[in-house]
Asks: 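One structure coming up, written as structure tokens, with questions to follow.
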Amino acid sequence: MSKISIGANDRVFVLTGAGISAESGLPTFRAEDGLWAGSRVEDVCTPEAWERNPWRVWEFYVARRVAGSQAQPNPAHIALAELEAQLGSCYFLCTQNVDDLHERAGSRRLVHMHGELSKAHCENECGRAPVEDRAIYRSLDEVGLCACGGLLRPHIVFFGEIPLEMPRIQEEIHKATLMVVVGTSGSVYPAANFVHWARQHGARTVYVGPEPPLNASAFTYVVEGKAGEVLPGLFTVERS
Ligand SMILES: NC(=O)c1ccc[n+]([C@@H]2O[C@H](COP(=O)([O-])OP(=O)(O)OC[C@H]3O[C@@H](n4cnc5c(N)ncnc54)[C@H](O)[C@@H]3O)[C@@H](O)[C@H]2O)c1
Ligand SMILES: [Zn+2]
């Protein structure tokens, strides 16, 4: 398949995963060896890890902040921002990524279902909104407290926690006629189910990545290749 045509009546839902940031130099989460940037997710990305050793968790995400700030958006992030500019309110992006490369490429209509590196929230889940936090902490003593007295933790959805913005995501999937999924292994739920929800409503579904994901059979098309090479020029937009 050379081009995906987007017509006047199409509504596009895009889901991205760690693979879209790989060409920007940010490592993906490798399901086979269970490591993300050299760490076991059980040690850095679960409620139990936070209970056991909050500094170990902060240390990992501080390192992700440093790596994220040094990375630049790649042609895949830019191609999606350009698609949004053409489609306006008929476009919606949901990313599993916690980096801000989509925003820095120009995307605006997006949600981060697994949280954001640039924010922190209360460990007690006391209901206060997340706060901007880009600090490069050197010890737990430097990390601030919430007004309720709880320690601030990275604004990251740990494995086992409920993803953010699910009602809005479900509503957007419900309306979509085309779902484009980029660079996600299809192993983290509920994101791996989005393609099935889209198919139930009759949407076309396209996957872009160098290898088929675990849920490949649910896609109408699988386009094998790197996101930064495939996405620019993949879409033709026909709006009346
Ligand atoms: N940049 C980030 O924010 C980041 C990075 C790593 C992990 N995570 C977190 O860990 C979890 C990872 O799950 P996941 O399914 O997103 O990723 P994953 O690491 O499980 O899978 C990455 C996928 O990207 C594909 N890929 C590799 N290079 C690619 C390229 N150049 N173009 C397109 N695809 C490419 C791989 O084939 C693989 O299927 C997510 O929940 C996410 O929040 C985030
Ligand atoms: Zn609090």
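Remember, it's 1-based here, ligands and their atoms both numbered in the order they're listed.
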Asks: Which of the atoms of ligand 1 are close to Gly17, meaning less than 4.0 Å from one of its heavy atoms?
Replies: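 By the 4.0 Å cutoff, the relevant atoms are 16 (O).
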Asks: With a 4.0 Å cut-off on heavy atoms, is Pro210 in contact with ligand 1?
Replies: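 Flag set, Pro210 near ligand 1.
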Asks: Would you say Val188 touches ligand 1, if touching means a heavy atom closer than 4.0 Å?
Replies: yes
Asks: Polar-atom distance check: Val98 versus ligand 1, any N or O pair below 3.5 Å?
Replies: yes
Asks: Out of Thr28, Leu26, Ile20, which one pairs with Asn97 under the side chain to side chain contact (heavy atoms under 4.5 Å, CB included) rule?
Replies: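 Per the side chain to side chain contact (heavy atoms under 4.5 Å, CB included) rule, the option paired with Asn97 is Ile20, out of Thr28, Leu26, Ile20.
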Asks: Going by distance alone, is a donor N or O of one side chain under 3.5 Å from an acceptor N or O of the other, for Asn74 and Ser24?
Replies: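 Result is yes, a qualifying pair exists.
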Asks: Is there a heavy atom of Tyr207 sitting under 4.0 angstrom from any atom of ligand 1?
Replies: yes
Asks: Can you list the atoms of ligand 1 that are under 4.0 Å from a heavy atom of Gly209?
Replies: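 Within the 4.0 Å cut-off of Gly209, ligand 1 contributes 33 (C), 34 (N).
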Asks: Is it true that atom CD of Glu142 has more than 12 heavy atoms of other residues, nucleotides or ligands lying nearer than 6.0 Å?
Replies: yes
Asks: Could you tell me whether Gly183 and ligand 1 have an N or O pair separated by under 3.5 Å?
Replies: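 Right, the criterion is met.
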Asks: Counting only heavy atoms, which portion of Lys226 has something under 4.0 Å from ligand 1: side chain, backbone, both, or neither?
Replies: both
Asks: What I want to know is whether Ala227 and ligand 1 share at least one N or O pair that is separated by under 3.5 angstrom.
Replies: yes
Asks: Decide whether Ser39 and Arg56 meet the rule of one side-chain donor and one side-chain acceptor closer than 3.5 Å.
Replies: yes
Asks: For Asp99, state whether at least one heavy atom is located under 4.0 Å from any atom of ligand 1.
Replies: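 Right, Asp99 reaches ligand 1.
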Asks: For Phe219, is the NZ or CZ atom of Arg204 found under 6.0 angstrom from the centre of its six-membered ring and inside 45 degrees of the ring axis?
Replies: no
Asks: Check whether any side-chain heavy atom of Leu15 lies under 4.5 Å from a side-chain heavy atom of Gln96, and answer yes or no.
Replies: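 Counting from C-beta outward, Leu15 and Gln96 do come under 4.5 Å.
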Asks: Going by the order shown, which atoms of ligand 1 are within less than 4.0 Å of some heavy atom of Ala22?
Replies: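 Numbered from 1, ligand 1 contributes 28 (N).
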Asks: What are the atoms of ligand 1, with element, lying closer than 4.0 Å to any heavy atom of Glu23?
Replies: 30 (C), 31 (N), 32 (N)
Asks: Do Trp197 and Phe194 make the cut of ring centroids closer than 6.0 angstrom?
Replies: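 Yes, they do, as the ring centres are separated by less than 6.0 Å.
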Asks: Please determine whether any non-hydrogen atom of Pro27 lies less than 4.0 Å from an atom of ligand 1.
Replies: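 True for this residue.
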Asks: Is the closest N or O pair between Ala18 and ligand 1 shorter than 3.5 Å?
Replies: yes
Asks: Would the distance check show the side chain of Ser21 and the main-chain N or O of Ala18 forming a donor-acceptor pair, the cut-off being under 3.5 Å?
Replies: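 No, the answer is negative, given that no donor and acceptor are paired below the 3.5 Å cut-off.
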Asks: Can you confirm if the NZ or CZ of Arg64 lies within 45° of the ring axis of Phe60 and under 6.0 Å from the centre of its six-membered ring?
Replies: yes
Asks: Within the 4.5 Å heavy-atom criterion, are Val237 and Leu87 side-chain neighbours or not?
Replies: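 Touching, per the 4.5 Å side-chain cut-off.
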Asks: To the nearest 10 degrees, could you say what angle the Zn ion (ligand 2) makes with SG of Cys122 and SG of Cys126?
Replies: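 An angle of 110° at the metal.
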Asks: For ligand 1, is there an N or O atom under 3.5 Å from any N or O atom of Ser185?
Replies: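 Min N/O separation from ligand 1 is below 3.5 Å for Ser185.
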Asks: Heavy-atom contacts with His114 under 4.0 Å: which atoms of ligand 1 show up? List them by number with element.
Replies: 40 (C), 41 (O), 43 (O)
Asks: Give a yes or no answer on whether the side chain of Asp10 reaches the backbone of Gly7 with a donor-acceptor pair at less than 3.5 Å.
Replies: yes
